[in-house]
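To keep things clear, I will list the structure first and then write my remarks on it.
None of the values given here were measured: they were computed from a predicted structure.
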Amino acid sequence: MKKPKINISNIIFLLVIVLLIVPQTRQPIQIFLHKGLALFGPSIVEESKRKILTDYNWQLINDSGEIFDFNQAKGEVIVINFWATWCPPCIAEMPSLESLYNSYHKDVVFLFVSNEKPEVISNFITKNKYSFQFHSPKSKNPKSFEISSIPRTFIIDKKGGIVVDKTGAANWDSNNIRKQLDVLLKE
């Protein structure tokens with residue numbers, strides 16, 4: 001029988017496996033990996049292939065406890081992000097969403113939607129010094145927003161067309177997304 005070879009690549013592989021098993025190191029490693037995957041901005045749906053949002057009957061509760069009726073956003077450019085504080089890809093893309101929010105929140109309706117307890121979300125936002133408001137669903141999501149995994153982000157134009165539908169981490173502060181928002185705001 002041959003003796004197994006011990007080389008540097010085997011040691012590194014074993015070390016990575018151990019780090020992924022240990023709970024304290026697993027999430028930071030996952031976030032780091034997702035940040036690498038989120039270097040690219042999401043793709044824009046061709047105009048001819050855009051689904052049109054027809055159901056605006058959806059109520060959310062913001063972090064101040066006020067009810068937000070999604071019908072209020074009809075005719076506006078909207079960015080909706082479904083996320084959670086425990087989700088590594090959500091955490092990885094959040095800095096780019098925060099940057100986009102800071103640049104466009106006066107002109108674009110941003111809805112950061114999570115099912116978590118408000119205290120958990122508030123602590124996460126405070127810890128990371130984010131400035132956006134978060135929302136929790138008060139009623140069932142419209143059919144266009146049936147979510148099976150997070151993060152999931154939509155950009156909707158003034159006519160209700162879904163311009164971006166992205167599952168997974170992305171760079172939301174990309175030039176492509178900024179140009180697209182500028183175009184949508186001019187329509």
Check the pair Ile44, Ile177 against side chain to side chain contact (heavy atoms under 4.5 Å, CB included), reporting the backbone distance first and the verdict last. CA-CA 8 Å; Ile44 309 297; Ile177 290 297; 4.0 Å; yes
Cluster check Trp58, Ile61: I/L/V/M/F/W/Y, side chain < 4.5 angstrom: no
Derivation and outcome, side chain to side chain contact (heavy atoms under 4.5 Å, CB included), residues Thr153 and Glu93: CA-CA 11 Å; Thr153 306; Glu93 74 175 0; 3.9 Å; yes
Does Gln72 have more than 12 heavy atoms from other residues, nucleotides or ligands lying within 6.0 Å of its CD? yes
With a 4.5 Å cut-off on side-chain heavy atoms, are Phe154 and Ile162 touching? yes
Could you grab the distance from atom NZ of Lys74 to atom CG of Leu53, nearest 0.5 Å is fine? 8.5 Å
Where at least one partner belongs to residues 114-124, residue pairs that pass side chain to side chain donor-acceptor pair (under 3.5 Å), sequence neighbours excluded: Thr85-Glu116, Ser114-Glu116
Interatomic distance, CG@Asn141 vs CD@Gln59, rounded to 0.5 Å, equals 12.5 Å
Please determine whether residues Phe145 and Ile67 belong to a single hydrophobic cluster, defined as Ile, Leu, Val, Met, Phe, Trp and Tyr linked transitively by side-chain heavy-atom distances below 4.5 Å. no
I'd like to know if the side chain of Arg152 and the backbone of Glu146 have a donor-acceptor N/O pair within less than 3.5 Å. yes
Which of Ile78, Val163, Val108, Ile156 passes side-chain contact (heavy atoms from CB on, under 4.5 Å) with Leu184? It is Val163
Euclidean distance, Ser103 OG relative to Asp173 CG, rounded to 0.5 Å: 6.0 Å
Please report the shortest heavy-atom distance between Ile150 and Trp83, naming the atom on each side. CD1-C, 3.9 Å
Please report the closest heavy-atom contact between Ala169 and Pro151, naming both atoms and the distance. N-CG, 3.9 Å
Do Ile80 and Ile52 sit in one hydrophobic cluster, given that two such residues count as connected whenever their side-chain heavy atoms are within less than 4.5 Å of each other, even indirectly? no
Could you check if a side-chain atom of Leu100 sits within less than 4.5 angstrom of a side-chain atom of Phe110, using non-hydrogen atoms only? yes
So, the side chain of Lys158 versus the backbone of Glu187: is there a donor-acceptor pair under 3.5 Å, distance only? yes
CG on Leu185 to CG on Asp107, rounded to 0.5 Å: 5.5 Å
Would you say Phe112 and Val120 are hydrophobically clustered, going by side-chain heavy atoms of ILVMFWY under 4.5 Å? no
Chi angles and distances behind the side chain to side chain contact (heavy atoms under 4.5 Å, CB included) call for Trp172, Leu181: CA-CA 11 Å; Trp172 293 98; Leu181 284 177; over 6 Å; no
Could you list the donor-acceptor pairs under 3.5 angstrom formed by side chains in residues 129-137, with sequence neighbours left out?
{"unit_1": "Ser131", "atom_1": "OG", "unit_2": "Glu98", "atom_2": "OE2", "d": "2.7"}
{"unit_1": "Ser131", "atom_1": "OG", "unit_2": "Asn102", "atom_2": "OD1", "d": "2.8"}
{"unit_1": "Gln133", "atom_1": "NE2", "unit_2": "Asp63", "atom_2": "OD1", "d": "3.1"}

Please report the interatomic distance CG(Asp182) to NZ(Lys179), rounded to the nearest 0.5 Å. 10.0 Å
Could you report the tightest heavy-atom contact between Ser149 and Ile147, atom names first, then the distance? O-CG2, 3.3 Å
What about Phe82 and Val45, same hydrophobic cluster or not, with Ile/Leu/Val/Met/Phe/Trp/Tyr joined at side-chain heavy-atom distances under 4.5 Å? no
Any donor and acceptor pair, going by atom type alone, linking the side chain of Ser96 with main-chain N or O of Asn171 inside 3.5 Å? no
One pair to check against side chain to side chain contact (heavy atoms under 4.5 Å, CB included): Arg178 and Tyr104. What are the steps and the verdict? CA-CA 9 Å; Arg178 286 177 167 272; Tyr104 286 93; 3.5 Å; yes
